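One structure is given here, and the rest of the page talks about it.
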Protein chains: 2
Amino acid sequence: MNKDGDTEDRIFEAAQAAFHEHGFDGARMADIARRASINQSMLHYYFRTKEQLFDAVFRKAILAVLPPAIAILGEDGPLLAKLERFAHRYVGILQANPHIPAFILFELRRNPEAIGRLAGETAGPVFARFRGDVERAVREGDIRPIEPSHLLANVVGLCVFPFVARPMLQGGLGMGNEAYDGLLRTRADHVADFLRHALRP
Amino acid sequence: MNKDGDTEDRIFEAAQAAFHEHGFDGARMADIARRASINQSMLHYYFRTKEQLFDAVFRKAILAVLPPAIAILGEDGPLLAKLERFAHRYVGILQANPHIPAFILFELRRNPEAIGRLAGETAGPVFARFRGDVERAVREGDIRPIEPSHLLANVVGLCVFPFVARPMLQGGLGMGNEAYDGLLRTRADHVADFLRHALRP
DNA sequence: GTCTATACCTCGATAGAC
DNA sequence: GTCTATCGAGGTATAGAC
């Protein structure tokens with residue numbers, strides 16, 4: 001598949017493709033080696049075990065998707081503008097990495113507690129602050145009264161769901177690949193719009 | 001685990017638990033046999049192969065979740081009332097089967113085309129009708145202008161997402177199991193409310 | 001229908017030459 | 001660092017007695 005880059009990079013990219021596609025249990029070390037045009041024993045030379053190779057891939061996926069989102073929610077300024085920025089940047093990130101959300105949810109089942117803890121540590125403080133932001137915006141009449149936890153689930157879900165449920169939605173809506181890509185391209189604007197309407201006092 | 005019911009039922013229930021928890025690749029036939037307090041060769045006597053046993057479990061999961069949702073969207077009456085009913089009944093179904101959505105999304109990766117086709121066949125006609133309902137509601141001024149495909153993704157996603165992303169959301173929000181269960185209990189009301197506000201003209 | 005025993009294979013991991 | 005060869009565990013599936 002790929003002969004560029006040094007060996008470790010080739011292995012990592014091949015592993016990334018395999019794990020994103022099949023998850024930990026479904027991926028095969030032999031397949032990864034083949035994709036990297038390399039011998040299977042090299043995988044162990046560089047990453048010791050399948051588990052460690054997976055961890056490297058998973059860590060990269062998390063870092064690509066979580067910190068940017070958290071950063072936006074932690075910014076200053078009016079809540080509505082922030083949510084709008086969030087929708088645009090987050091959907092943009094997901095469009096650049098469309099398979100990552102499903103990959104993370106996939107892993108969520110193998111290791112719910114670990115990921116829950118991780119989420120608590122990294123996102124916890126920002127979410128707590130977000131809760132405060134919402135309550136203040138409500139008090140000041142910027143948005144209608146709403147429960148912050150539900151709102152957060154809404155915002156994230158509206159951005160992420162079309163990516164993780166793509167095959168089902170696309171099939172159900174009778175769309176082709178191009179049509180659904182078009183829907184994803186307009187997604188950020190739609191979500192921003194939807195939130196603005198849903199939150200107006 | 002369970003010695004009631006005839007053998008085939010015991011096997012099916014054990015398989016259901018195992019597949020829901022670990023997915024096809026992660027589930028083990030030996031584990032299923034153990035859960036059913038039965039010999040491993042019995043699995044093959046009743047279901048031939050792991051694949052066929054899985055298919056039986058998957059079919060049941062789809063039937064538990066898809067037709068009821070479709071039925072609601074196909075009903076008559078004003079769009080907003082229908083969406084409200086959808087939120088309540090669908091979240092109710094998911095609460096009774098909280099692991100099914102993740103299970104289906106899981107399988108979505110092993111077999112995207114097949115499930116896409118299935119969704120197209122069963123949900124396609126109803127979704128097409130839903131599109132018409134939305135356009136009519138917009139024309140008649142019942143709701144503000146909105147793109148039907150996006151709206152459908154929103155409605156389904158708002159109901160489903162808190163179930164599939166539970167470990168991550170629960171961890172991020174710093175909630176315990178009881179607190180998150182509470183959030184899920186108020187979810188239907190919240191979604192109905194959120195949609196009503198988001199769609200008012 | 002249910003059991004035990006086992007065949008057969010795939011997979012992750014290692015040994016050891018180069 | 002990279003290869004070939006192979007080990008050993010663990011997986012699905014079957015054979016065959018009862």
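The structure presented is a predicted model; accordingly, all values stated were derived computationally and were not measured. Chain letters run A, B, ... following the sequence lines, proteins first and then strands; every chain starts at 1.
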Grab the N/O contacts between the protein and nucleotides 10-12 of chain C below 3.5 Å, and write none if there aren't any.
from, atom 1, to, atom 2, distance (Å)
C:dC11, OP1, A:R28, NE, 3.0
C:dG12, OP1, A:A27, O, 3.4
C:dG12, OP1, A:M29, N, 3.4
C:dG12, OP1, A:K50, NZ, 3.0
C:dG12, OP2, A:M29, N, 2.8

Would you be so kind as to tabulate the donor-acceptor pairs closer than 3.5 Å made by side chains of residues 156-172 of chain A, with sequence neighbours excluded?
from, atom 1, to, atom 2, distance (Å)
A:R166, NE, A:Q170, OE1, 2.8
A:R166, NH1, A:D181, OD1, 3.0
A:R166, NH2, A:Q170, OE1, 3.3
A:R166, NH2, A:N177, O, 3.3
A:R166, NH2, A:D181, OD1, 3.2
A:Q170, NE2, A:N177, OD1, 2.9

Whole-Å gap separating P (D:dC3) and CG (A:N39): 5 Å
Nearest-Å distance for atom pair CD1/C1', residues B:I11 and D:dT12: 15 Å
In a table with atom names and distances, give each donor-acceptor pair under 3.5 Å that connects a side chain of residues 53-60 of chain B to protein atoms at least two apart or in another chain.
none

So, the side chain of B:E140 versus the backbone of B:D142: is there a donor-acceptor pair under 3.5 Å, distance only? no
Minimal heavy-atom distance between B:H88 and B:A192, with the atoms involved, is CE1-CB, 4.2 Å
What is the distance, rounded to the nearest whole Å, between atom CZ of B:F54 and atom P of D:dT12? 14 Å
Between C1' of C:dT14 and CZ of A:F47, the distance in whole Å: 18 Å
Using the benzene-type ring in the case of Trp, are the ring centres of B:F194 and B:H190 under 6.0 Å apart? yes
Please enumerate all residues that pass ring-ring contact (aromatic ring centres under 6.0 Å, His included) together with A:F130, with sequence neighbours excluded. none
NA contact type, A:Y46, heavy-atom cut-off 4.0 Å: base, sugar-phosphate, or nothing? sugar-phosphate
Does A:R48 CZ have over 12 foreign heavy atoms under 6.0 Å away? no
Once ring-ring contact (aromatic ring centres under 6.0 Å, His included) is applied, what residue pairs with a partner in residues 29-49 of chain A remain, sequence neighbours excluded? none
For A:P201 against B:R200, the heavy-atom pair lying closest together: O-NH1, 3.9 Å
What's the closest nucleotide to the side chain of A:Y45 if the choices are D:dT2, C:dC3, C:dG1? D:dT2
Rounded to whole Å, CE of B:M42 lies from C1' of D:dT12 at a distance of 15 Å
Atom-to-atom span, CG of B:L43 to P of C:dG1 - whole angstrom: 15 Å
Expected rows: protein N/O vs nucleotides 16-18 of chain C N/O, under 3.5 Å:
none

